[in-house]
Every structure is written in structure tokens, then in C-alpha cells.
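Note: hydrogens, waters and symmetry copies are ignored here, and every other heavy atom, side chains too, is used.
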Amino acid sequence: MSLDTELVLDWFAETARDLPWRRPECTAWGVLVSEIMLQQTPVARVEPIWREWLERWPVPSAMAAASQGEVVRAWGKLGYPRRALRLHAAAAVIEAEHDDVVPSDVDTLLGLPGIGAYTARAVAAFAYGQKVPVVDTNVRRVVARAVHGAADAGPPSTTRDLADVDALLPEEGAAVYSAALMELGALICTARAPKCADCPVFGECAWQIAGRPAYAGPVKVAQKFAGTDRQVRGLLLDVLRGTSEAVPKAKLDVVWSDAGQRDKCLHSLLVDGLVEQTAGGLFALPGEHR
DNA sequence: GATCCGTGGTC
DNA sequence: TGACCAAGGAT
């Protein structure tokens, strides 16, 4: 089974969103920044921040010269702020070891902090035009439906997923094809209510042909948020993001009533390097009050 | 492989 | 309205 390359590419050419990191003038660094920001964060929230970042830090060495705190603050509320720290660290490695040029080799990219199986191949494909399988949640869902006839993708398995998608890639235009599969999953073959009537591969979709069977895989466990450490860490960090001053612990204590959980979360933020304690015992974003 | 890690929009 | 979802990675 395969997905008709022409149908997918033609649809993409007509329908694709004009996102700044897809423009020909966008650098590999711009692509890398976009891929990190887009991990688990929707396009609409990423775009304005991405524009700020590329203007402020147009090359890796520019970001490496900034403090960690500046980067965490500029990350704003994109979520999962450890990504900002890891991107900052990756920028330093790229400056020091790669002549300020984002590597094009997948294995080299995989060695950089914050870059995993998806991001490494996304950069290789979208920034350097390489024919490598780019597998994100969208692609997994599109392939599950159109190729395997399942309502949704089962649990991820990097090895299997990569081989799966690799078999679909055309010899020419593989990178654009990968972008097209992602766009198809983002705009048409969506998780909740897929717009099958608008789908370019409706006629060859294995899921349609099979009569749209219900999802048969293992039940996915929903992640909670309210009351978790994730929420508390977010609240604590938001206090520090909102001020340029180092603050006493009392300023942090007001965000959560459970002192045990609060302290545990503050400690974990310190361990992660997202928060620093000054010589005077105050708390601040890292690198701004030493 | 399961769990943890933010945040806000949607139906 | 609350559960689900969004271009994952690290451990």
C-alpha cells in the first residue's frame, strides 16, 4: 500500500499554510527553532514567538550569548520550558563545535540536547532537503488510517514507525512529501473529526475502504494536569517570568497552598536549572542575578 | 514502555 | 464543562 504521491503533493501545493519556517529564505536555524517550539505546542501560539526569536537571535551564536534566564523569559508561555534551556544548550554546541551552522546529519543532530528522532529528521528534511522519514503524531495518524485502515495509530514505536514511513517516501521530493503528510494530518486527517470530504486521498484511503472501523488498539491513558506538579511548576515559573528581580521565597509561596508539593516543585525547578537561588537566598531565572 | 514535563483552545 | 488535543524528548 502507498499514498499517491501526486495527489498529496498537488493538494499540498494548493492548500499548505504559508508558515514562515517553510519559506525558502528561512535558515536551518530557523527551522530548528520552529521544530523545538512546535513540540506539543500549536502553530498559532508558536508563530509570533518564533518571529521574535529569529529577529533577536538570527544565528545560534547570538542565542548562545544570551543568558539562560533571557531565553526562558522569551519562551513565555509556550509550555515545557525545559525545551528553551535545551535549545539554548544546543545553540552553544552548534557555535562551538559546528562553526555556528546547524548540522545536516541526522546522527549529529540526534546528539544535540532536546533533539530526538522526530526533530533530527525534520531538520534534515525541511532545512536540508534530505530523504529521511519524518514521523510525528500527524504522520502516524495519516498512515494508520490511509495505509493500514485503522481509525488511529497505536502506541508509538520509533523503529517500526520510521520503517513504516520510509517505505512511503518518493525518490524525488521526499522532504516536501513529508511536510505534506504532516499538513494533511494537521488540516484534514485530524484526530477528532477528520474532514474526509476534503481529503485528496479519500478514494484510496484504507480506512474508508474498510468501512471506517472503530479504533481497536489499547486504550490511551489521559494525562491529568490540574493539581499536578506540572501545574505547580508552571505557576512558580510564571512568577519569575513576570519580574526582572530576584524574589524571596514568600513571593513563590503564594501560588500554591500545599507547602510540601510547592517545595518539591521548586526543588525540581532548581535541579532542572530553570530556577536559580542567589547568594542572598532569593530566587530568579538562571543566569540573571549571579 | 510508561511516566513526567506546560499551556490554552476546542467541542 | 471537562476531557481531549497540540510538528516530542528524556529518563
Quick tally for nucleotides 4-11 of chain C: nucleotides whose base has a protein heavy atom under 4.0 Å get B, sugar-phosphate-only ones S, the rest -, giving BSBBBBS-
Rounded to whole Å, CG of Leu85(A) lies from P of dC5(B) at a distance of 16 Å
Protein-nucleotide distance (Phe225(A), atom CZ; dG9(B), atom C1'), rounded to Å: 14 Å
With P as the reference atom in both, quote the distance from dT3(B) to dC4(C) in angstrom, rounded to an integer. 15 Å
Quick one: does Trp50(A)'s side chain have a donor or acceptor within less than 3.5 Å of a partner on Gly30(A)'s backbone? yes
Given dG6(B), is OP1 or OP2 found less than 4.0 Å from the side-chain N or O atoms of Lys77(A)? no
Could you work out, with ring-ring contact (aromatic ring centres under 6.0 Å, His included) as the rule, every residue matching Trp57(A), not counting sequence neighbours? Trp53(A)
Between dG8(B) (P) and Ile49(A) (CD1): distance, integer Å: 11 Å
Kindly write out the residues that satisfy side chain to side chain donor-acceptor pair (under 3.5 Å) with Asp238(A), not counting sequence neighbours, or none if the list is empty. Arg241(A)
Find the distance Leu237(A):CG to dT7(B):P and express it as a whole number of Å. 7 Å
Can you name the residues that form a ring-ring contact (aromatic ring centres under 6.0 Å, His included) with Trp256(A), not counting sequence neighbours? none
Calculate the interatomic distance between Leu270(A) atom CG and dC5(B) atom P; express it in whole Å. 15 Å
Just by distance, no angles: are the side chains of Ser244(A) and Glu288(A) close enough, under 3.5 Å, to form a donor-acceptor pair? no
Under the salt bridge (charged side-chain N to carboxylate O under 4.0 Å, His left out) rule, what pairs show up with a residue in residues 130-150 of chain A, not counting sequence neighbours? Lys131(A)-Glu171(A), Arg140(A)-Asp161(A), Arg145(A)-Asp152(A)
Length of the CG-P vector between Asp229(A) and dT3(B), whole Å: 15 Å
Between dT10(B) and dA7(C), how far apart are the two P atoms, rounded to whole Å? 15 Å
Applied to residues 90-99 of chain A, the side chain to side chain donor-acceptor pair (under 3.5 Å) test, sequence neighbours excluded, yields none
If I take atom CZ in residue Arg230(A) and atom P in nucleotide dG8(B), what distance separates them, rounded to the nearest angstrom? 13 Å
Given DNA chain B, 5'-ward residue of the pair Pro155(A) and Arg241(A), judged by closest heavy atom: Pro155(A)
